Structures are given as structure tokens and as C-alpha cells.
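This one's a predicted model, so the numbers in the text were calculated from it and none came from an experiment. Letters A, B, ... mirror the listed sequences (proteins, then strands); counts begin at 1.
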2 protein chains.
Amino acid sequence: MARCQVDYAGRLTAHLPMATRVLMLKADGSVLIHADGGSYKPLNWMSPPCNLREGTTDDGDIEWMVSSPKSDDTLRILIFEILHDTSHELGIDPGLQKDGVEKHLQELLAEHPASLAPGLTLVRREFPTAIGPVDLMCRDSRGSSVAVEIKRRGEIDGVEQLTRYLELLNRDPLLHPVSGIFAAQLIKPQARVLAEDRGITCVTVDYDALRGIDDAEHRLF
Amino acid sequence: MARCQVDYAGRLTAHLPMATRVLMLKADGSVLIHADGGSYKPLNWMSPPCNLREGTTDDGDIEWMVSSPKSDDTLRILIFEILHDTSHELGIDPGLQKDGVEKHLQELLAEHPASLAPGLTLVRREFPTAIGPVDLMCRDSRGSSVAVEIKRRGEIDGVEQLTRYLELLNRDPLLHPVSGIFAAQLIKPQARVLAEDRGITCVTVDYDALRGIDDAEHRLF
DNA sequence: CTCTAGATCTCGGCC
DNA sequence: GGCCGAGGTCTAGAG
């Protein structure tokens, strides 16, 4: 905890006027400067790897020069008053265990393709193309190929992504014609307009309902 | 500083096994859980606004329940041992003063459009369209319209963005034909290929040189 | 290593 | 308030 002033120079230049803040130095050399509010993003910071040099200004204040050895980013911290100072060894953290995001949605839809369109069947998940994998490759009731792009939130870039896949897939005479389905828990209006203008079908997915169906089916066995 | 274990449930579920970490509680109620490494992103957190309730487990350990009043996110922190505990009022921070990013690049190019192509002149910055503003609308030496998209780093999504603008602008008989220039300090190879495949001209911009020209011109007055 | 796409993104601007 | 674009994005995963 210190009254400090900070100047950053790198991809941009930024300045923090003098105020009381939290300075956190991590074991890997990284530095975080936090205010008493806002979200988790620090006011300013320096990512590892970086080096910290401590010096003194002509006025007798503490000066920290933090610099990155690979980029030319620098952070200069002037410390006018130390209100609190403590140091602890934490060791290596076992890390965060995550569960259930877009991947789970893809798994559920892969098991229940017909929930996207009647008669739809799965060909394969993560169907490979030269520009990246298509989330689901399916066939409709008439045997035509259908590429499915799945998002938690459907926005314009997702439509662009599916459009690129469709353009590429439709060059393959063995697959042509390939149609597209854009599936998401929520589809933004602009994304829907763009998708439908390009002949892509939009489907909003009810995650909880789908999970319910899935659980019910598994209970049958 | 505490030995703790954390469970988050909300947009996803996540778990942090017991380990020693930094717990930061901010004045606005937000909570950050940091390890002794990684970058500025906490292992887990709760964004403001949120409420913290302190309780005790059957084993006598401290339990913090942090919940959001608007979403249904919850964070449960079990504290097994407190290694250090300190509290300070920091007050409101004057905040970060930023300078010089994409906006500055746009200003410089608006003042020196001919650096993008010989004879190019500015019509207007932030030229409005139904799907968003075009960074620079210009005219070439023959009087044809030229839409310019400016990025610090030129990647595929920037090319897609310009492509959408061009498609829309070219529907306007008063503007047609509109050509495109994709300007960036650095253009990724894949973005360049895509742009050139679509007839979009790529220009890499030397920010420092441009600033030098600009400074020199201002010194003349 | 690069490139791609997601993120409990965060943050700011504009409407 | 929402939507949209940018970020010193960061981060994980695939090729």
C-alpha cells in the first residue's frame, strides 16, 4: 500500500497521478497496480517476464523501474509514502478447474442434432478444413451437407466465421451444396440479419432444456 | 493472505483446490483471488456490485459467500488459515490517463491521406454507414471513392469489417465504385492474402515516420 | 513456434 | 440502458 505515481510507456503511453494504491509484486516478477474499485483489471501493470530495478530520485523518493526484456515496455513507479508492506511465499498454485462452456453445448448438440432441424444427423464433430474446424458437420433428411457453427452468444464474427467455412466447403464438389446453421443460446439482432441475408439458418438453443433431454435419455439406460 | 479453497458457479462452474493465495476485497465489494504468478488476471473473482456474507462451517472454518444481486453468480471461499490480514482506505482514484492508440493513427492518416496512396484526399473521418462508421472516406486522383480501414495490427477480422463496408457502400449508386485500403502498422500474412484476394490494397503504416512528418509540418507554422 | 477463437472477458463510446 | 468495437487484450488449444 503506497502513495505513488506511475508512468507506462510501450504500446501506448499512460500516466497515473499521485494517489494511494495497492502495489502487488508476484514471484514471476510481474507487477500489478490496483485501485480500491473497478473490476479485476489493474489500473496499470507489467506482464512477466520483467525486471524490477529499485532506485532513488533526487528528492529522495523510491523509484521502481520495471522493464520487459523482450518488448520495450517500461513502467516507472514513484513511491512517496509506504503505508503497508508485507511479503509472502505462496508456492505454485494448483490452478483453476473449469467446467461447462461452449464445449459442453457442442457435445449436447452433437448428441441431439435433430434439435437443430428435424431429421438432421451428425457426420462428425470438429470437421477439419484448411481454415479451421467446423463445429458440427451434419446431413439433412435429403442427404445434403449442413455445417453448424455453435456459439454461446451469436454475434457477427460468428456469422463471418461460418460464412468462410461455407465458402470453402462449397468449392468441394463432393460436399456441394453445403448449407449453414448458426446455433447459439442467444443471437444478437445484427448477427441474425447478416446470417439470414446470407441464407444461413439461425437456431437459438435452450441449454437447460437440452441438458434435461440428455439427462432423461441417460436415465433410460 | 490465506490458505483457501474456492468454488464459483455462474456462467460456468469452477473450482480452486486448497492453496495459499492473496484475497483482495475492494471498497465496491468486489473480490479478487490471486496466485503468485500468471498475469494480471486473478484465478477467480467476483465483479461489482456484489455482497459478501461471512459465516462458519461445521468444521469451524471461515466461509465467505459472495453473490451478485443482478446475475446469479456466486463465489464460495473457504478459509482454513489466515497468514496475513490488513485493511486500508484508498479513496477514489484519479484514474488512468491514456495517450496514443488507434485514434492517433487515424488522426495522422486523416491529415496525410496521400501517405496511403499518391493523390488521395480526405472526404471525411468516421464516415457513417448503417453498419458502423468507416474510419476514413477518401477520393483518389481520378475522383473515385476509397474507404480506408485503420488498425494498429491488421488481422482477418479487420479485412472482414472493411469488406462489409465496401459491400454496403458499393450498393450506393452515388458512391459506386468504392475501392478499399487496409492500413495498419503491421499486417498479418493471412490478412494480407485475404485482403488482396478481395481486391483490397494493403498499406503498412510507419507510425513514427508519420508522426515525424506531422511534427515537421507543424513546426513550419 | 504460429495462428485461431474464446473469455465469468473488461472498458469506453455512442445512441 | 443496450449495442458495438478495441484491448498494452489474455489464454488455451491445434497445427
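- Distances shown here put a side-chain N or O of B/Ser47 below 4.0 Å from the OP1 or OP2 atom of C/dT10.
- Across all strands, B/Tyr165 comes closer than 4.0 Å to no nucleic acid atom at all (heavy-atom distances).
- In this structure, the separation between CG on B/Asp157 and NZ on B/Lys151 is 6.5 Å, given to the nearest 0.5 Å.
- When rounded to the nearest whole Å, the span between NZ of A/Lys41 and C1' of D/dC10 equals 10 Å.
- Atom CD in B/Glu149 sits roughly 13 Å away from atom C1' in D/dC4 (whole-Å rounding).
- As a whole-Å value, the separation of A/Leu43 CG from C/dC11 C1' is 13 Å.
- Using a 4.5 Å heavy-atom threshold, the side chains of A/Ser145 and A/Leu169 count as separate.
- Regarding contacts with the backbone of D/dC4, every side-chain N or O of B/Arg164 stays at 4.0 angstrom or more from both OP1 and OP2.
- When the nearest nucleotides of DNA chain D are assigned to A/Trp45 and B/Gly38 by heavy-atom distance, the more 5′-ward of the two goes with A/Trp45.
- Annotation: of the two residues near DNA chain C, A/Pro42 and B/Leu75, the 5′-most nearest-nucleotide partner is B/Leu75.
- The nearest whole Å value for the distance from the CZ atom in A/Arg192 to the C1' atom in D/dC4 is 18 Å.
- One atom, OH of A/Tyr40, and another, P of D/dG7, lie 17 Å apart when rounded to the nearest Å.
- Between the NZ atom of A/Lys98 and the P atom of D/dC10 there is a distance of 15 Å, given to the nearest Å.
- The interatomic distance linking B/Asp157 (CG) with C/dA7 (P) rounds to 17 Å, in whole Å.
- For the pair A/Ile181/A/Leu120, a side-chain contact is recorded, criterion being any heavy-atom separation below 4.5 Å from C-beta on.
- More than 12 non-hydrogen atoms from other residues, nucleotides or ligands lie less than 6.0 angstrom from CD of B/Glu54.
- Here the CG-CG distance, from A/Leu96 to B/Leu12, works out to 7.5 Å after rounding to the nearest 0.5 Å.
- Checking A/Gln161 against B/Met46, the closest nucleotide of DNA chain C that is more toward the 5' end is the one next to A/Gln161.
- When distances are taken from the side chain of B/Lys188 to each of D/dA6, C/dC11, C/dC3, the shortest belongs to C/dC3.
- Listed pair B/Lys151 / D/dA6 meets the phosphate criterion, a side-chain N or O lying under 4.0 Å from OP1 or OP2.
- Counting to the nearest Å, the C1' atom of C/dG13 and the CD atom of B/Gln106 are 13 Å from each other.
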